[in-house]
Amino acid sequence: MPELERHSFDVLVIGAGGAGLRAAIEAREHGMRTAVLCKSLFGKAHTVMAEGGIAAAMGNANPKDNWQVHFRDTMRGGKFLNDWRMAELHAKEAPQRVWELETYGALFDRTEDGRISQRNFGGHEYPRLAHVGDRTGLELIRSLQQKVVSLQQEDHARSGDYESRLRVFQEFTVTDLVLDGGAVAGAFGYWRETGRFALFEAPAVVLATGGIGKSFKVTSNSWEYTGDGHALALRAGASLVNMEFVQFHPTGMVWPPSVKGILVTESVRGDGGVLRNSEGKRFMFDYIPEVFKDKYADNEAEADRWYTDPDNNRRPPELLPRDEVARAINSEVKAGRGSEHGGVFLDVSSRLPAEEIRRRLPSMHHQFKELADVDITAQPMEVGPTCHYVMGGVRVDPDTGASSVPGLFAAGEVSGGMHGSNRLGGNSLSDLLVFGRRAGAGAADYVAGLATRPACSAEAVARAERVALAPFEREGGENPYTLHMELQQVMNDLVGIIRKADEMDQAVKRLEDLKRRAAALTVEGHRQFNPGWHLALDLRNMLLVSECVARAALLRTESRGGHTRDDYPRMEAEWRRKLLVCRAAGDGVEVVEEPQRPIRPDLLELFEFGELQKYLTADELEG
Amino acid sequence: MRAQIAHRTLRTDRWWLPPLATFTGLLLISVYAAVRTFMGDYYWVDEHRYLTPMYSPCLSQECLPGAAHFGRPLPALPGVLTPPVVILPFLLGFRVTCYYYRKAYYRAAWLSPPACAVAEPHARYTGETRFPLIAQNLHRYFFYAASILLLINTYDAFYALTAGFGLGNVVLLVNVALLGAYTLSCHSCRHIAGGRLKHFSRHPVRYWMWTRISKLNARHMQLAWASLIFVCVTDLYVALVSAGVIGDLRFID
Amino acid sequence: MGYRGHFRVWRGDSSGGGLEDFTVEVNEGEVVLDVIHRLQATQAADLAVRWNCKAGKCGSCSAEVNGRPRLLCMTRMSVFAEDETVTVTPMRTFPVIRDLVTDVSYNYTKAREIPAFQPPEGVPPGEYRMSQVDVERSQEFRKCIECFLCQNTCHVIRDHEENKEAFAGPRFLMRVAELEMHPLDEGDRVGAAQSAHGLGLCNITKCCTEVCPEHIKITDNALIPMKERVADRRYDPIVWLGNKLFRRS
C-alpha cells in the first residue's frame, strides 16, 4: 500500500464556486496558506450557470434603491423566516462586493453614464441586478478565478512559486472531514482521476459545496450538487436549518427529455416575457396571493405599462417570487391547460424585436436553438418548474460563517438561514460574495487565534479510507445508478413541489429502504476515474440530506415559500417563530424544532405595520 | 502522453474539398494573370478609353500613349518585362499579406493545416515568427499602396466615361466598387480606422467608421474572391474588345 | 422515435488504447453526451468522461465527434444519420488520462503566464466608469467558457508538441486581447503578446473561430487586432527607424 498523500494548510476551502473562491481569496489576503478543493476543473463550478445577475442596492438604475429596500425585499421573499442578521449584512455589503469584482477585471453591462447597469427581477422592488447579458455567473466565476491567478502571480513574484500561499486542487472529492476532539483537523478524499486518497490537514475548513439538487429528478443543478457539504457538516456534528425549503425555479426547459430541468433565466420575464397556458391566457393574474395584491398589477394593460413606467404602475405578476410562479404553473398543468410536453408557454417573441432578444438574452437564444431547435425570437418556449436551490443548509453565525463545530465554516448555498423559506433571484450571487468573504475572514481569524493545531489521528484516517473503499469490498449488491434514479424519483414525486403528509411518510420509509440497499451496493472496476464509484460515495451524502428534507417537510405543518403542503395550504404566523434543525443521529438524522431569534427592533421598523400583520403573531406585534 | 489514434483525421465530411477548390481557384487566376501580364498587349481600348486595371497605372516607355494617364516617367523595361511588373509587387503584396488570403493559401497550398483537426504534413512549424513570413506584418503598408492604386483605378474608370457609356464602363465601375469594398474591408484598415483605440467613446466618428468597416470586414473573404475574379473578368473584357474579338455594347456615344 | 445507434469510442489511457464499437439506444432529442451516459449505465460502467453542466455553459465535456472538436453536450444526435457510425475520441492535443478525459493542465499553466488585470491607480471600487461601447469588445471574449476546443484544434500545438512552451494558444492570446481592450486596464500587453505568448506562431487559419461553441470571433476580433497592434509597435518602419536613430528600446 503506497503511503498516503498528505498536505498541510491553514485554511481549506471545499468547493470552487463563487463562495469558495471568494472565501479563499479572503483567507489568502489574511495571510493564511489556503487550499481550494473542488470536484470539477477550476472555473467550471455550478456558479457559471447563474444567468440573471447579482442583486446589490447600488441605486444606479433607480436612485431610490438602498440597503433597507433590499433588506425588505429579501425578508418578504423569504416570508420573514430569514435570519435577519444575514439578510441585513447581505443587503448592506452586496454593493461593495460587486464593485470589488470590477477591481478584479469584471466587465458588467453599463448605464448611459458609465456605471453598472441594473435589471429588474422577481421580488425586487427596483432594478437591482448587476449583470452581463444573461451570463452573469460566468463573469463572476471568471473574475474570481482570475483574481486567484493574480494573487498566485504576486506570490510567484515574491517566492518563485505560484502555489506557495494559494493552491487549487481540482477534480478532488472530499469524502469525510477529520476531527480532533470535536474540532476540525482536516479533510480526507480521493483524486477523481486516479482514485488515490489524500489527506489535507488544516485547522479550518470552509464548506462551499453548493446544493443538493441531484437528489431530485428534474433539476437545473449539475452532477456536483450532491449535498456533500451538507452531509460533511452533519457527520462532523454541525446542524442544518430550513432543510424543508427547496426552491423550484418556475421556468426550466421541459423538452427535449435530455435537457429537462435546464434553467430558463428569470430575465426572460424581467425583460418582458409572459407566461401563457395552452388556451393562450396570461394566467398569472389569477395567482396573485393576498400578501402581494398591492404590489402586482391585476390587469394586462397596467402590467405592460410597468416596463416603461415602473413608478406609477404595479409590476406584472410574472415577476412574483419564484415559489408563487412555480406553483401557478404546476396548477395550470394539473388543470389540463399545459403545453404538449407538460409545461406552459413562456413567450418573449411577441414582446420584443428579434434583435433586442438576441442582444439581451444571447445565451437563452443559443440554448434553445442548439438544444431544442426552438428560435425564441419567433416561437414561445415550453417551460415548467425545476428543482433549483435549497434554502436550507449549515446553521452558521451570520458574521463569521462559523458552524457549531470549531473550525468548520460554511458559505453560499450550503449555508442556511439567509434566504428564509424562499430565495429571490439575484440574491444568490450576492450571497456567495458577501458570505464567502465573511467565512474566509472568519476562518482566518479562527486559525490566527489557535494556540495549538489539531491533529489528524491515524484511526480517523483509516476509518475514512475504509468507508470510501467499502463499495468495492462487497459483492452481489445493486448498482449505484439504479439506486440514484430511485432516490430522484422518490424525492421528486413524494417531497416535490406540492407535499402531503402521507406521501412524505412514504418517502421517509422509502429513504430508509434505500439507505439499507445503499449500504450493500456494489461497484465494479478499479479506482481510476470510476464514475460508478464516485456516484456510490455521493449517494451516501444525497441519502443523508434527502432524509433531512423529508423529515423536516413532514414536521412543518404549514405552507411557506419553498415548502407547499397540500394538507396545510396556509401560512401560519406561529410557524414563523420556529426553525427546524437537522442533526445526525445514529445512521440517519433527527429533526427538532428550535425558536427563531426575534427580529431586531430597528429592522422591524423598516416595515409598515400593515405588512408585519401578515407575517407576525399578535404577541410579536405587541412588542 | 496523448491518446494514440493512428488516423490522421477522423473527420467523415469532405474536408479536402474547400482547400482543393481554393487551390484550384488561386492557380487558375495566377495562370491567367501571368499570361496576361507577359502578353504585353490588348490592355487599352483607345476608342472607349478602357484601360484594364492590370496595367494601371502604365508608367514605362512601352506603354501606349493613350493608356499612360500619368505620363511615362519610367524608361523602357528590359527583356520580357512588361508595364504591369512595376505595379504588380504592390498589388500582389496586398493580396499575399491579406489576412484572408494568408488563411486560404496556408491551408490550400501549404497544408498548414489542410483543414481543422486534420494533421499537417510538416515536421516543424514556426508560423510567422521568422523570415520570410515575418514580412506578413507589412500588410498595412501594402494596404496604403493598394489604396493609391485603387484611386488610380477609380480615376481610370471615370476617365473612360469621358468617351461615352457602354457595357465596358459598367464593368470598370463594378470593378472599382468591388476593389474598393475589398480594400476598405481589410483588417488593417479596420484597425487604423478605429480598432486601435482603447476608448471608442472618446472618438465617436472613428467608432462609427469602425462599426461600418467591421460589418464589411465580416465579408472580407467573399469580397476578396469577388474582387479578384472580377479584376480578371474586367481584364478579359477589355482584352477582347481591344483585340476586336467582340464589340463593346454601347448605350451612349 | 428511438433507434439502435452505432458508436465507436476511444478507450484506453496513456499507455495505449483504441476504438471500441458499441450499439446503443438513441432517443429523440438526445445529445452525444446522453448516449455516452447510457453506455456508462448499461455497458461500460467505468467509461471515463468529464462533464458538468450539460447545457453548454461550463465547457467541461470537450472531445472530438467524428474527428471534429465539439462539446458532447451540445452535439445533437439528430445531426447524424441513423445508420451513421458516430466516433467519439478524446481531445488530441492534450495528454489523455483515461478514455475521453484529457489532462488540460497546459491551459492552466498558460493562464498563469498572462499578467492579471492591472486596475487603474487611485480609482476606488465603486468609482469605475466605463462606456458600454468600450466594454463590448472585451465582453465578447469574456463569453469564453474555457472548453479549450480552440486550444485543441489549433495546429500550432496540435501538430507540434514542441510549440507548447512558446505558444499560449488562441484562448490565452484572446485573454491578452481582452485586457488590452479593457478600458481601465493599465498594463502594456502588446510587446509580450509577440515575445512571451507566441502571437507570431499564429497563422490565422481560423480553426479556433470555427470550433468555438460560443461563436466568439477569436481570429477577427482578438488575434488579428493583436497582430495589428504588434505591427504598430514593432513593424512600423518609421517607428523602427526612430528607435534605431534615437536608441530607444
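- Along residues 99-109 of chain C, the residues that come nearer than 4.5 angstrom to chain A, judged on non-hydrogen atoms, are C:Val101, C:Val104, C:Tyr108 in order of number.
- Side-chain atoms of A:Trp99 never come within 3.5 Å of backbone atoms of C:Glu127 as a donor-acceptor pair (strictly under, hydrogens ignored).
- Put simply, of A:Asn530, A:Asp113, A:Leu138, the one with the most heavy-atom pairs under 4.5 Å next to chain C is A:Leu138.
- In terms of heavy-atom pairs under 4.5 angstrom with chain A, the leader among C:Ile114, C:Val123, C:Val49 is C:Ile114.
- Taking A:Gln367, A:His156, A:Glu51 one by one and counting their heavy-atom pairs under 4.5 Å with chain C, the maximum is reached by A:Glu51.
- For a residue to count as touching a neighbouring chain, one of its non-hydrogen atoms must lie under 4.5 Å from one of that chain's; by this rule A:Glu154 does not touch chain C.
- Heavy-atom pairs under 4.5 Å with chain C were tallied for A:Glu370, A:Lys39, A:Arg142; the largest tally goes to A:Arg142.
- Contact annotation for A:Thr482: neither backbone nor side-chain heavy atoms come within less than 4.5 Å of a heavy atom of chain C.
- Between C:Asp134 and A:Arg110 no salt bridge is recorded (no basic side-chain N to carboxylate O distance below 4.0 Å).
- Neither the backbone nor the side chain of A:Glu112 comes within less than 4.5 Å of any heavy atom of chain C.
- In terms of modelled atom types and a separation under 3.5 Å, the side chain of A:Arg115 and the main chain of C:Tyr128 share no donor-acceptor contact.
- A pairwise comparison of heavy atoms in A:Thr103 and C:Pro125 identifies CG2-CG, 3.9 Å as the closest pair.
- Looking only at heavy-atom pairs under 4.5 Å with chain A, the residue among C:Arg129, C:Glu178, C:Arg142, C:Gln139 that has the most is C:Arg142.
- No side-chain heavy atom of A:Arg192 sits less than 4.5 Å from a side-chain heavy atom of C:Arg50.
- Only the side chain of A:His526 comes within contact range of chain C, with at least one heavy atom under 4.5 Å from a heavy atom of that chain.
- For C:Leu47, the part sitting under 4.5 Å from any heavy atom of chain A is the backbone (N, CA, C, O) and nothing else.
- Interface remark: C:Ala111 contributes backbone atoms only to the contact with chain A (heavy atom separation under 4.5 Å).
- Considering only heavy-atom pairs separated by less than 4.5 Å from chain C, the leading option among A:Met253, A:Gln96, A:Gln170 is A:Gln170.
- Of the two parts of C:Pro120, neither the backbone nor the side chain holds a non-hydrogen atom closer than 4.5 Å to a non-hydrogen atom of chain A.
- Using a 4.5 Å cut-off between heavy atoms, A:Tyr104 contacts chain C through its backbone alone, with no side-chain atom that close.
- Using a 4.5 Å cut-off between heavy atoms, A:Lys260 does not touch chain C at all.
- You'll find the side chain of C:Lys57 reaches within 4.5 Å of the side chain of A:Ser363, heavy atoms only.
- Each of A:Met58, A:Glu139, A:Glu100 has some count of heavy-atom pairs under 4.5 Å with chain C, and the biggest count is that of A:Glu139.
- Using a 4.5 Å cut-off between heavy atoms, C:Ser131 touches chain A through its backbone atoms (N, CA, C, O) alone.
- Annotation: A:Lys217, atom NZ; neighbour count of heavy atoms from other residues, nucleotides and ligands within 6.0 Å does not exceed 12.
- In this structure, the portion of A:Ile262 lying under 4.5 Å from any heavy atom of chain C is its side chain and not its backbone.
- Chosen from A:Leu41, A:Val48, A:Val168, the residue pairing most often with chain C at heavy-atom distances under 4.5 Å is A:Leu41.
- Considering NE2 of A:His46 and SG of C:Cys58, their distance stands at 10.0 Å, rounded to 0.5 Å.
- For C:Asp34, the part lying under 4.5 angstrom from a heavy atom of chain A is the side chain only.
- Looking at A:Gln153, its side chain does come within 3.5 Å of a backbone N or O of C:Arg112 through a donor-acceptor pair.
- Listed for the A:Ser258 side chain is a donor-acceptor partner under 3.5 Å among the backbone atoms of C:Gly29.
- Taking every heavy atom of both residues into account, C:Ala55 and A:Leu371 meet most closely at CA-CD1, 4.4 Å.
- When atom types are taken as modelled, the side chain of A:Lys44 and the backbone of C:Glu146 share a donor-acceptor pair closer than 3.5 angstrom.
- Heavy-atom distances place the side chain of A:Gln152, and not its backbone, under 4.5 Å from chain C.
- Interface residue A:Tyr162: only side-chain heavy atoms are found under 4.5 Å from chain C.
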Inset, instruction - Take C:Asp46 and A:Glu524 through the test side-chain contact (heavy atoms from CB on, under 4.5 Å) and record every step on the way to the result. - result: CA-CA 8 Å; C:Asp46 58 349; A:Glu524 285 170 15; over 6 Å; no
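- Interatomic distance, C:Arg98 CZ to A:Thr194 OG1, rounded to the nearest 0.5 Å: 11.0 Å.
- Side chain of C:Lys143 to main chain of A:Arg135: no donor-acceptor pair is present (N/O by atom type, distance under 3.5 Å, no hydrogens or angles).
- For A:Glu171, the part lying near chain C is the side chain, with the backbone staying farther off; criterion is any non-hydrogen pair under 4.5 Å.
- Most heavy-atom pairs under 4.5 Å with chain A: of the set C:Leu33, C:Val31, C:Ile145, C:Asp185, this distinction falls to C:Ile145.
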Inset, instruction - For side-chain contact (heavy atoms from CB on, under 4.5 Å), just list the numbers for A:Glu102 and C:Phe117, CA-CA rounded to whole Å, side-chain angles, deciding distance to a tenth of an Å, and then say yes or no. - result: CA-CA 10 Å; A:Glu102 289 198 307; C:Phe117 171 64; over 6 Å; no
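- With chain A as the partner, the residue from C:Gly56, C:Pro119, C:Pro115 showing the most heavy-atom pairs under 4.5 Å is C:Pro115.
- The local environment of CD in C:Glu25 is crowded, with over 12 non-hydrogen atoms from other residues, nucleotides or ligands closer than 6.0 Å.
- The candidate with the highest count of non-hydrogen atom pairs below 4.5 Å against chain A, out of C:Lys54, C:Glu30, C:Glu136, C:His37, is C:Lys54.
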